[in-house]
Structures are given as structure tokens and as C-alpha cells.
There are 2 protein chains.
Amino acid sequence: MYPVPRVSAEHLAARRRQIVEAARRCFLREGFHRTTMQDVIAEAGLSVGAVYRYFPSKADLINAIAEEAVGGAEEVLAGIARQEPPVPLIEALGRVLAYVETQAGDEGVLRIAIQVWGEAQRDPALATFVAGKYAGFRHHFEVLVRRAQRGGEIPADADAEAVAAALFALVPGWFLQLILTGAPDRDTYLAGVRALLGR
Amino acid sequence: MYPVPRVSAEHLAARRRQIVEAARRCFLREGFHRTTMQDVIAEAGLSVGAVYRYFPSKADLINAIAEEAVGGAEEVLAGIARQEPPVPLIEALGRVLAYVETQAGDEGVLRIAIQVWGEAQRDPALATFVAGKYAGFRHHFEVLVRRAQRGGEIPADADAEAVAAALFALVPGWFLQLILTGAPDRDTYLAGVRALLGR
DNA sequence: ACTCCTAAAACGAATGCTCGTTCTCTTATT
DNA sequence: AATAAGAGAACGAGCATTCGTTTTAGGAGT
């Protein structure tokens, strides 16, 4: 009853992270459904039993990774939206793209986001989670747009939500081109956006 | 030698299409790696042997579907780029989005494109194919931009390729929002783009 | 300080099932 | 008659997961 042999909470958290990061590497290499539990287990350097103690099924592991991949941009976006004085839209876009750039490499979490998009199409729970996250991202852009409207950068009578959608679209739109075609680089793209916006 | 018992070429093509369409339905439901060959075979109403006569492996089937999904927009885009008189950029975007809308539903091929993006990250051959296709799409936008520059719609000194990238980005950027969050609808989005462009 | 004890943590062989593919046989076509 | 087209049983590999066992951590009793 009393003897409670347990390992420290830090140790538990560290083990969990060890597994998640091994899984992330595997999923980056092979995708969700082509990596086997044995792959993850070997990558983590643990045993079957150890991994299954922390994640009762492969689906749980996928969920953990998916949340990490899709939620990662949250703080970045929130920070930009809340900053004083208000950030001009193009500069805000540039800062988001800078974040995307750091996470678009071979090790970056955003490559996993692409897989999450696919997975969300057949996993309703994941779809709900992703929908909430992305609507939240768009909402942060909406805040930025409203502030830009007060500053006269955008016509006051425009539909802020719609403008936010357009601005937001420029992020995954570039990300996909970068991942799939390798171009354009961020500065070139931003110059293109500026020219398109006529500013 | 001479007796060449063969079925008509039309019959062969029809069978092939029958299999491809069954596969498309399965892949839409379950994704590439969670649909089994048995699923496709049952959906097509054929036998194992029949399907394997037309597609020697599952990978071949995935490739066929991927090419269909990613290549589908080609003619639409080419048509708009080549039209006389030149189509204003916003109108061109609207027409592309109209096509996307038709293919974004539960049965539309574009939902498969998302899976192809994921697959391209670990299949070099598919990655090359997709890169070529998407660079081609962007090139069509570039043609449009150059013509818009001649018409004064876009500054003549802008980098047409970069502007094209920005314009192109607005397509998958909207598509993803639509698929993942269910919003905004096309007209709202286009109004947002117009307001953002300050036109 | 040093055992002993208990339960958590970790292990890994074994399991049962599913998958992609092969292969032999039957049917259809010219 | 000869061969392509189609059928479907069978196979071996690989999968996620289970479960009985071993190791480890750390408080209790001395």
C-alpha cells in the first residue's frame, strides 16, 4: 500500500518526449501508415512494452504528433496579432512565413502537417481538431486585418473575415509551392505579394 | 501464331477505367495506405487476377490515381491563360476557384491531391511528377501576369514569376481552408482577395 | 546505512490477423 | 485450336497488439 515506487514526473515526461520525437522522425520518413510500431520502437531505442505504456495504440501516437504539427504555429501567430503597435499586414505575413521557413525543412514539423490534412479527411476527431486550429489561425489574421482597417491600410467597409482568409491563404499556398516545387524563396515570394497588392 | 484472340481496345480501356474509378472511390474513403487491394477489387466487382492484369502492383494503381488527381486542372488553367482578350487576374482566379469548387466535394479528385502531396514526400518519382505539374500551373499564372503587365494591371517592373507565385498561392490556400474548416465560400473569399488587393 | 518488499516500469517472445502478391485453373474470343 | 482474359484459393511476410516475465526504484523496518 504505502511503498510507492515510482519514477520522477520528469522522467515520465522525458520518456514520452523521447517516444514522440522518435515517432516524428519515422513519420517524416515514411508517413503515418507506412511506419510500423517496430520502426518507432527501434528509433526510440526502447522496447515494445515501454512504448505501449505511454501510447496505448498507434492512433494515440498519431494524434499526439498531429497536434504538435498543427498547433505549433499558434503562439507565433498569437504574438504577432497582439503586438503593439499593430503590425502592417505585409510585415505580419513576412513574419509568419519566416516561421514556416524554419519548419519546412526535412526535419520540420510542418511536413507532417501535410499528412495530417490527409488524415483529417477520414478521421472525424482529427478533422474537428484541425478545423478548430485553422479557424483559430484565420481568426488571428482577422484581428490583424481589423487593426489594419483602423489604420487605413485596408478599406474600413471590407469584410475583415474574408480579407483574413485571403491573407491566411498566402501562407499554406506558399508553403506548398516551396515543399513541392522548391520555389520561390521567401523574399521573392514576398516581393510578388507586394506587387500583387499594388503597394 | 495467327489466331489472336483478344478483346477490343475499347474493352481494355473500359476495364482499366473501371478499376481506376473503383480505386478512386476507395482512396477517397480510406486513403492510399489504408485501402487494401481487396477493397479496390470488391469495389470494382472484379477478381484479384483481373485487377492485377491491369495494374501489376498497388503502387502502379496509386500512381495512376495521383496523376489523374494532380493533372486534372491542367486544361482549365491552360485555357484561361491562352484566352483572348487577356483575362483580368481576379477574374482568372475566380474561374480557377470555380473549377476547384467542383472538385472539392466528397467525390472530387482534389481531395486525393492532398494525399498525393503527402505521398510525394517519400516517393521521389511522384515528387518529380508533382513538382513538374505545379511548376507548370505556376507558369500558366505567369503568362497571365505578363499579359496583365502589358495591360497596366500590374506594374511593368514587377517580377512576373513572383507575382504568379502569389496569385497561384491563393488557390490551394483557399482550397485547404475550404476542405479543413468548411469556410469561406468562393464569393466571400474572392471579395476578400479583392479588398486585400485594394481594387 | 543496509536489506527487504512491493509495485511500477520495462522487456520481448508470442499471437492472431491482414495484407499484397503469386499461381494454377477455367472461361471467352477469334 | 490457341491464347488472352478472368477467376479465386493459397501463401508468406509483416503488422499491431497482448501478456507473462524481469528489472528497477525507493520507502519501511531494523
Side-chain angles (χ1 to χ4, degrees), chain A residues 1-27 29-66 115 119 122-123 126, chain B residues 1-27 29-66 115 119 122-123 126:
Chain A
M1 202 67 144
Y2 306 128
V4 188
R6 225 178 259 161
V7 103
S8 73
E10 292 79 34
H11 182 247
L12 289 176
R15 264 291 147 76
R16 200 187 152 89
R17 207 163 32 246
Q18 176 183 2
I19 295 167
V20 166
E21 278 169 17
R24 206 193 58 218
R25 284 191 295 273
C26 291
F27 289 156
R29 269 201 300 272
E30 293 293 336
F32 292 147
H33 298 297
R34 286 181 68 105
T35 88
T36 70
M37 287 305 272
Q38 286 300 338
D39 290 341
V40 176
I41 287 155
E43 179 81 26
L46 292 172
S47 68
V48 181
V51 169
Y52 269 85
R53 171 166 301 278
Y54 292 85
F55 295 94
S57 76
K58 188 180 177 180
D60 290 286
L61 201 43
I62 291 177
N63 281 348
I65 296 285
Q115 310 211 19
E119 199 67 5
R122 27 158 251 89
D123 178 342
L126 194 57
Chain B
M1 203 63 147
Y2 305 127
V4 188
R6 225 178 258 161
V7 101
S8 72
E10 292 78 34
H11 181 248
L12 289 177
R15 266 281 195 277
R16 197 186 154 89
R17 205 160 36 244
Q18 176 183 2
I19 295 167
V20 166
E21 278 168 18
R24 206 193 57 219
R25 286 191 296 272
C26 291
F27 289 156
R29 269 201 301 271
E30 294 293 337
F32 291 149
H33 298 297
R34 287 180 66 105
T35 87
T36 70
M37 288 304 272
Q38 285 301 336
D39 290 340
V40 175
I41 287 155
E43 179 81 26
L46 291 172
S47 69
V48 181
V51 169
Y52 270 83
R53 172 164 300 279
Y54 291 84
F55 295 93
S57 77
K58 190 181 179 180
D60 291 287
L61 202 41
I62 291 177
N63 280 348
I65 297 285
Q115 311 212 18
E119 199 66 7
R122 28 158 250 87
D123 178 341
L126 195 56

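Every chain is numbered from 1 and lettered A, B, ... according to where its sequence line falls, protein lines coming before strand lines.
Each of B/Ser8 and B/Lys58 was assigned the nucleotide of DNA chain C with the nearest heavy atom; the assignment lying further toward the 5' end belongs to B/Lys58.
Contact check for A/Leu12 versus A/Tyr54: side-chain heavy atoms found under the 4.5 Å cut-off. Residues B/Gln115 and B/Phe27 have side chains not in contact (no heavy-atom distance under 4.5 Å, counting atoms from C-beta outward). Using a 4.5 Å heavy-atom cutoff, the side chains of B/Ile62 and B/Ile65 are not in contact. Between B/Val40 and B/Arg25 the shortest side-chain heavy-atom distance does not fall below 4.5 Å. B/Arg15 is listed as a side-chain neighbour of B/Leu46, based on a closest heavy-atom distance under 4.5 Å. You'll find the side chain of B/Arg34 stays beyond 4.5 Å of the side chain of B/Arg29, heavy atoms only. For the pair B/Met37 and B/Tyr52, the minimum side-chain heavy-atom distance is below 4.5 Å.
Taking the C1' atoms of five terminal pairs at each end of the helix from C/dA1-D/dT30 to C/dT30-D/dA1, the two resulting helix axes are inclined by 10°, rounded to 10°.
Residue B/Glu10 contributes atom CD, which lies 15 Å from atom P of C/dT29 at whole-angstrom precision. Here C/dA28 presents its P atom at 17 Å from CG of B/Leu12, a figure rounded to the nearest Å. Spacing between atom CG of A/Asp60 and atom P of D/dA16 amounts to 14 Å, rounded to whole angstrom units. Rounded to an integer number of Å, the gap from CZ of A/Arg16 to C1' of C/dA9 is 16 Å.
Side chain of A/Lys58 to main chain of A/Phe32: a donor-acceptor pair is present (N/O by atom type, distance under 3.5 Å, no hydrogens or angles). Between the side chain of A/Gln18 and the backbone N or O of A/Ala44, at least one donor-acceptor pair lies under 3.5 Å.
A pairwise comparison of heavy atoms in B/Ile41 and B/Val48 identifies CD1-CA, 3.8 Å as the closest pair.
Contacts with DNA chain D (heavy atom under 4.0 Å) in residues 32-46 of chain A: A/Thr35, A/Thr36, A/Met37, listed by number. A heavy atom lying under 4.0 Å from DNA chain C marks the following residues of residues 47-55 of chain B, by number: B/Val48, B/Tyr52.
The listed nucleotides are C/dA10, D/dG6, C/dT21; the one nearest the side chain of B/Arg15 is D/dG6.
Atom OG of B/Ser57 is separated from atom CG of B/Asn63 by 8.0 Å, given to the nearest 0.5 angstrom.
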